[in-house]
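Note that ligands are numbered from 1 as they come in the structure, with each ligand's atoms numbered from 1 the same way.
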Amino acid sequence: MSRFCVVLIALLAGAGGCSRKEGRRVVRFLDQPDSGGAWKEIIARFEAAHPGVHVELVEGPPATNVREDMYATSFLSGDGTYDLAYMDVIWVSKFAAQGWLRPLDDRLPPAARADFFPGDIEGATWQGRLYRVPMRSDAGMLYYRTDLVKKPPETFEELAAAARELQKPPGLWGFVFQGRQYEGLVCAFLEVLRGFGGDVLDEKGEVALDRPEAVRALEWFAGTVKTISPEGVTTYQEEEARHAFQEGRAVFMRNWPYAWSRLQQEGSAVRGKVGIVPMVHAPGCASSATLGGWGFGISSSARYPEEAWAFIEFATRPEQQRLFHFRNGAVPARRSLFEDPEILKESPHYPELRRILQAARPRPVHPRYPQISDAFQSHLSAALVGREAPAEALRRAAEKIRAVLRK
Ligand code: GLC
C-alpha cells in the first residue's frame, strides 16, 4: 500500500498542474480501480461525443476513507486536480459544509430526480441543497451458499448455529465479513448494532454506543472471530471477504451487492450456489442494511464546470449505469433499471435487493462523520482482535464521539 501511495502521489502531483491535454480540456476524478473496465468504456463513449474534453480517471486505493483523504487534501490546497468529485454517500455533508462542492439543484431539477432511489437523493443533499448525482446504489446484505444452507437464517443465533454446524475449519468457515479497521468495518457492525436495536446516535442525537443493546451487539460481533469466522477476518476488506466466499471457503458472507456478478463468473467455485437475504437481526428487532452508494459532484475549484456537468449528465444516464452494472457489478441508482429484462435475467435477486435498498439506513449524517467513524473504527477493531473488551471498547468510542460532536 505505501509504495502504491507513493506512486499515486507522484501521479497526482504531475496531474495537478496540467488541465489541458493535447488541446483538450481535462476533467479528472478519483475512484477505486476500474476492475471490470466500465469507466474506460463510459469515458470512451463520452469523449467520442465531446471531442474537446478529456476525462481522466485516477485509480486510487480500495478503502473509501483513504480516497476521501486524497480528495480532501486536494480540495484544501485548492490545487484544482479534480473538477469532478466521485463521492461516497458519507462524504457529501463534509464536502458540502466545507464549501468544496457546487450545488446542483438547477442542473438536476426535481422532475429529473424521480428515477433515482429516494435514499440516494437524500444522501446527496445537505441543508436542503443537492450536491451529488447518484451513479450507483449500495446496501449491505447476507450472502449464503444455497447448496449448504436449507433455510437462510433470520436471527443472529440462527446464523451462528448454522455457521457452526456447516463449517469445517480451516478449509470452510461459517461467516466472513469486513473486519479490518476502516470504513467497511463500521458499515458491517452498524448492521449488527441496529439489528440488536441499538444505534450510534439515538433520536435525540445523543451518543448511544455505551448502552446494553450495543454491548450485546459487539459481544456477538467480536465473538465470531475464531469461532465461526477465521482469525484473519480482522484484516478483511470487501475483496478479501469476496475471495474467501468465491473460493468456497465460507458458508455466509456480509458484503455489498457488487460481489454477486463476480461470484457468478465462470471459474467461481460458488457459481449458481449463491442466495441473498437481508442481514439477520435479534428476535423482536428488524434487519438493517447500511446504506452506501456513490455519485458525482462538481468541485468548487473546478476549472471546467460545464464539461464536468456534461460528463455527469452522460455518465448517470440509464445506458451508462447499465454498462456499469454489467461490467463492474454496480447496482444502478436508477429505479427503472430494476425492471430491465436483461438485468433481471442476469441478476434474478434484484427484486429482493430492491427491497433491501429501499429499507437501507444511512450512517450518521454529520459534517464530522469521518472523525466519528475514525473513533468508532479503532475501538471496534480493538474489540475484534481481543485487545479491548466489548463494553470497554464501546465506552471509549462513545467518549471520543461525544468529544467530536462537542467541537
Ligand atoms: C461501499 C459503500 C460505501 C461504503 C464502503 C465501505 O463502497 O458503497 O458507502 O462507505 O463500501 O467500505
N or O pair under 3.5 Å between E183 and ligand 1: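 No, since none of the N or O atoms of E183 sits under 3.5 Å from an N or O of ligand 1.
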Heteroatom distance test (G292, ligand 1): nitrogen or oxygen, under 3.5 angstrom: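 The answer is no, given that G292 and ligand 1 share no N or O pair closer than 3.5 Å.
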If you measure from each heavy atom of [X] to ligand 1, is any distance below 4.0 Å?
X: R363; answer: yes
X: Y258; answer: no
X: Q32; answer: no

Identified side chain to side chain donor-acceptor pair (under 3.5 Å) counterpart of Y258 within the set E238, R136, E239: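 Checked E238, R136, E239 against Y258; only one passes side chain to side chain donor-acceptor pair (under 3.5 Å): E239.
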Short side-chain donor-acceptor distance under 3.5 Å, Q320 and R45: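 Yes, because at least one side-chain N or O of R45 sits under 3.5 Å from a partner of the opposite role on Q320.
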Exercise: do H325 and Y350 side chains pair donor with acceptor under 3.5 Å: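 A donor-acceptor contact under 3.5 Å links the two side chains.
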For atom 8 (O) of ligand 1, the protein heavy atom that lies nearest, with its residue and separation: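 For this ligand atom, the closest protein heavy atom is D138 OD2, 2.6 Å.
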Protein residue, atom and distance nearest to atom 10 (O) of ligand 1, heavy-atom basis: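 Checking every protein heavy atom, the shortest distance to atom 10 (O) of ligand 1 gives D88 OD2, 2.6 Å.
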Student check: side-chain heavy atoms of Q246 and Q264 closer than 4.5 Å: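 No, every pair of side-chain atoms sits at 4.5 Å or beyond.
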Cation-aromatic face contact R254/W256, 6.0 Å, 45 degrees: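 Ring-cation test returns yes.
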